[in-house]
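This report concerns only the one structure given below.
Remember, it's a predicted structure, so these values are computed and weren't measured experimentally.
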Amino acid sequence: MSQGTEIKVCILSYNRPDYLREALLSVLRQTLSPDAVEIYDNGSDEAVFESVRDCVEDGRAAWSGSERNNGVHWNLNRVFCEENARWPFLYAMHDDDRICPTFLEKQVGFLERNPSVVAVACNASEIDAVGNYLNTFLHNPKRRKDVEYYGDVADVVRLYMRTFLAFPSIVYRSSVATRVPFRIHFGQLLDVGFLMDLVRKGPIAYVNQPLREYRQHKGQSHTSSRNDWRNLEDYQVSLVKEYPQLFPPINAYVAKRRAYRCMKRLGGFLRSMEPGKSP
C-alpha cells in the first residue's frame with residue numbers, strides 16, 4: 001500500500017438510524033483508515049442525524065443533509081461530483097450494509113496493483129436484520145472466478161444477462177467515475193447503465209471475496225418499474241449496432257424478460273377476476 005493513498009467514503013442515508021450507525025462504525029474500524037467520510041442524507045427524520053451526532057461533532061464524519069427527499073439520482077450526483085474527483089479513490093456505500101475491516105485495504109490495494117482498472121467490486125456475506133450471519137453469500141462463490149475482468153460494454157451486458165455487480169461494493173478511481181453521468185431515465189436501474197458507461201473508460205474488476213456484509217431486512221426496495229426495464233432493454237438493444245456479436249443473446253434475453261413481465265401481468269389480471277375480487 002502506497003503512503004500517498006487517499007480515499008473518501010460516502011454513505012448514502014435515508015431514515016435508517018440504527019443501520020446507519022453500524023455502517024459508519026464499520027467504516028471507522030478499517031485497517032486502512034479513510035481520509036474522509038461523509039454521510040449524504042436524503043431528507044431523513046431528525047433521529048438519523050442523532051444516531052451519528054457524536055461522530056460528526058468529533059470530526060470523524062461529515063454530514064451533508066437535505067430538508068426533503070430528492071430521490072436517489074440527486075443523492076448519487078452529490079457523491080459523484082467534480083469536488084470528489086480530488087480524492088484518488090472513492091467508495092459509495094448504502095446505510096444498511098457493513099464493510100469488513102479489511103475492505104478498503106484490499107480493494108484500494110487491488111486498484112493500486114492494477115492501474116488500468118477503473119473500479120473493483122466484491123462479494124458479500126449476507127446478514128439478517130439484526131446483523132447475524134446467514135451463512136450465505138450475495139453471489140454464489142462457486143459460480144464466480146477468483147478475479148473477473150470486464151473490459152468493454154459487451155462484457156458488462158453479458159454479465160448482467162446472468163448475474164450482476166453489487167453497486168455498493170464498488171471502489172472507484174474518482175477521476176474516472178466522477179466523469180460518468182447517471183442516466184436518470186433508467187430509474188432504479190441507473191446503476192446498471194452507469195457501469196455500462198463506466199467500462200468505456202477502462203476495465204472493471206470483481207474480486208470473489210466476501211469483504212462486505214449485505215443486510216436482508218424489511219423495507220428493502222428491489223423493484224423497478226416496467227418503464228425502467230424497458231428503457232434499459234432498449235439501450236441494450238441499441239448496443240447491437242456497436243457490438244454485432246451481441247445480437248443473438250441480447251434479443252433472446254430481452255424477449256425472455258418481456259415475456260416474463262407479460263405473464264406476470266396476465267397472472268395478476270386473472271387473480272383479480274377470481275370471485276370476491278374486483279378487477
Check your understanding: F194 and ring-ring contact (aromatic ring centres under 6.0 Å, His included): which partner among F186, F80, Y235?
Key -> F80

Review point. Hey, quick one: are Y14 and F182 part of the same hydrophobic cluster, counting side-chain heavy atoms closer than 4.5 Å, chains of contacts allowed?
Key: no

Check your understanding: Under 3.5 Å, is there a donor-acceptor pair between the side chain of Y91 and the main chain of S169?
Key -> no

**Study point:** Side-chain touch Y243/V153, heavy atoms, less than 4.5 angstrom
**Key:** yes

Exercise for review: Starting at CG of L198, measure out to CD1 of I204 and round the result to the nearest 0.5 Å.
Suggested key: 4.5 Å

Review point. Between the side chain of Y19 and the main-chain N/O of S13, is any donor-acceptor distance below 3.5 Å?
Key: no

Exercise for review: Over all heavy atoms of both residues, which pair between T178 and N84 is shortest? Give the atoms and the distance, please.
Suggested key: CG2-C, 4.4 Å

**Study point:** Backbone N/O of E126 and side chain of T136: donor-acceptor pair under 3.5 Å
**Key:** no

Check your understanding: Just wondering, do T163 and R144 contact through their side chains at under 4.5 Å, heavy atoms?
Key -> yes

Check your understanding: Of all heavy-atom pairs between V79 and A92, which one has the smallest distance, and what is that distance?
Key -> CG1-CB, 4.0 Å

**Study point:** For D97, the option from R16, R215, R212 that meets salt bridge (Lys or Arg N to Asp or Glu O under 4.0 Å)
**Key:** R212

Check your understanding: For the hydrophobic clusters of this structure (ILVMFWY residues joined by side-chain heavy atoms under 4.5 Å, transitively), does one cluster hold both W87 and V118?
Key -> no

Exercise for review: Kindly give the heavy-atom pair with the smallest separation between A205 and F110, and that separation in Å.
Suggested key: CB-CE2, 3.5 Å

Check your understanding: When clusters are formed by joining ILVMFWY residues with side-chain heavy atoms under 4.5 Å apart, either directly or through shared neighbours, do Y133 and F137 land in the same one?
Key -> no

Practice item. Check the pair V117 / Y149 against side chain to side chain contact (heavy atoms under 4.5 Å, CB included), numbers first and verdict last. Key: CA-CA 9 Å; V117 175; Y149 293 94; 4.0 Å; yes

Review point. Do L138 and F164 come within less than 4.5 Å of each other through their side chains, counting heavy atoms only?
Key: yes

Review point. CD of E213 to CZ of F103: how many Å apart, nearest 0.5 Å?
Key: 11.5 Å

Review point. Are any side-chain N or O atoms of R21 and backbone N or O atoms of P17, one a donor and one an acceptor, separated by less than 3.5 Å?
Key: no

Check your understanding: Is any side-chain heavy atom of R173 less than 4.5 Å from a side-chain heavy atom of F89?
Key -> yes

Practice item. Give a yes or no on whether a salt bridge exists between D234 and R258, defined as a side-chain N under 4.0 angstrom from a carboxylate O. Key: yes

Practice item. Would you check, one step at a time, whether the test side chain to side chain contact (heavy atoms under 4.5 Å, CB included) holds for K106 with L32? Key: CA-CA 9 Å; K106 290 187 175 181; L32 173 65; over 6 Å; no

Revision key, fill the gap. Looking only at heavy atoms, the pair that brings V199 and D152 closest together is CG1-C, 3.5 Å

Review point. Does a sphere of radius 6.0 Å around CD in E82 hold more than 12 heavy atoms from other residues, nucleotides or ligands, not counting ones at 6.0 Å or beyond?
Key: no

Exercise for review: Evaluate the side-chain hydrogen bond (donor to acceptor under 3.5 Å, both in side chains) criterion for residues R230 and N227: first the C-alpha distance (whole Å), next the side-chain angles of each, then the deciding distance (0.1 Å), finally the verdict.
Suggested key: CA-CA 5 Å; R230 186 167 290 277; N227 194 52; over 6 Å; no

**Study point:** Side chain proximity check, N123 to Y206, heavy atoms < 4.5 angstrom
**Key:** yes

Point to revise | Whether N15 side chain and D45 backbone form a donor-acceptor pair below 3.5 Å | key: yes

Practice item. Starting at OG of S51, measure out to CG of L24 and round the result to the nearest 0.5 Å. Key: 8.5 Å

Exercise for review: Determine yes or no for a side-chain-to-main-chain donor-acceptor pair under 3.5 angstrom, with N75 supplying the side chain and Y40 the backbone.
Suggested key: yes

Practice item. Evaluate the criterion side chain to side chain contact (heavy atoms under 4.5 Å, CB included) for residue pair Y160 and L232; output intermediate values, then yes/no. Key: CA-CA 11 Å; Y160 272 87; L232 177 62; over 6 Å; no

Exercise for review: Can you establish whether the number of heavy atoms outside I184 located under 6.0 Å from its atom CD1 is more than 12?
Suggested key: no

Review point. When you measure from the side chain of S26 to the backbone N and O of I99, does any donor-acceptor pair fall under 3.5 Å?
Key: yes

Review point. Does CZ belonging to R162 count more than 12 external heavy atoms closer than 6.0 Å?
Key: yes

Practice item. Return the minimal non-hydrogen interatomic distance between R78 and S64, and the atom names on each side. Key: NH2-O, 3.1 Å

Review point. How long is the gap from CZ on R183 to CG on L190, to the nearest 0.5 Å?
Key: 11.0 Å

Point to revise | Check: E105 side chain, T31 main-chain N or O, donor-acceptor pair, under 3.5 Å | key: no

Practice item. Decide whether F247 and L159 are clustered together by the hydrophobic rule: side chain heavy atoms of Ile, Leu, Val, Met, Phe, Trp, Tyr closer than 4.5 Å, transitively. Key: yes

Practice item. List the steps and the verdict of side chain to side chain contact (heavy atoms under 4.5 Å, CB included) for V9 and Q30. Key: CA-CA 11 Å; V9 174; Q30 291 294 294; over 6 Å; no

Study note, to complete from the structure: Taken to the nearest 0.5 Å, the spacing of R98 CZ from I127 CD1 works out to 4.0 Å

Check your understanding: To the nearest 0.5 Å, how far apart are CG in D35 and CD1 in I7?
Key -> 8.5 Å

Check your understanding: Shared ILVMFWY cluster between L239 and V237, side chains joined below 4.5 angstrom?
Key -> yes

Check your understanding: Less than 4.5 Å apart, any side-chain heavy atom of M196 and any of V157?
Key -> yes

Exercise for review: Run the salt-bridge test on E242 and R200 with the 4.0 Å N-O cut-off and return the result as yes or no.
Suggested key: yes

Check your understanding: Is a side-chain donor or acceptor of D128 paired with a backbone partner of V130 at a separation under 3.5 angstrom?
Key -> yes

**Study point:** Side chain proximity check, Q236 to Y253, heavy atoms < 4.5 angstrom
**Key:** yes

Practice item. Using a 4.5 Å cut-off on heavy atoms from C-beta on, say whether the side chain of T102 contacts that of L211. Key: yes

Point to revise | Over 12 foreign heavy atoms within 6.0 Å of CD, E57 | key: yes

Review point. Does N42 use its side chain to pair, donor to acceptor, with the backbone of G71 at less than 3.5 Å?
Key: yes

Review point. Looking only at heavy atoms, which two atoms of Q107 and V207 are closest? And how far apart?
Key: OE1-CG2, 4.0 Å

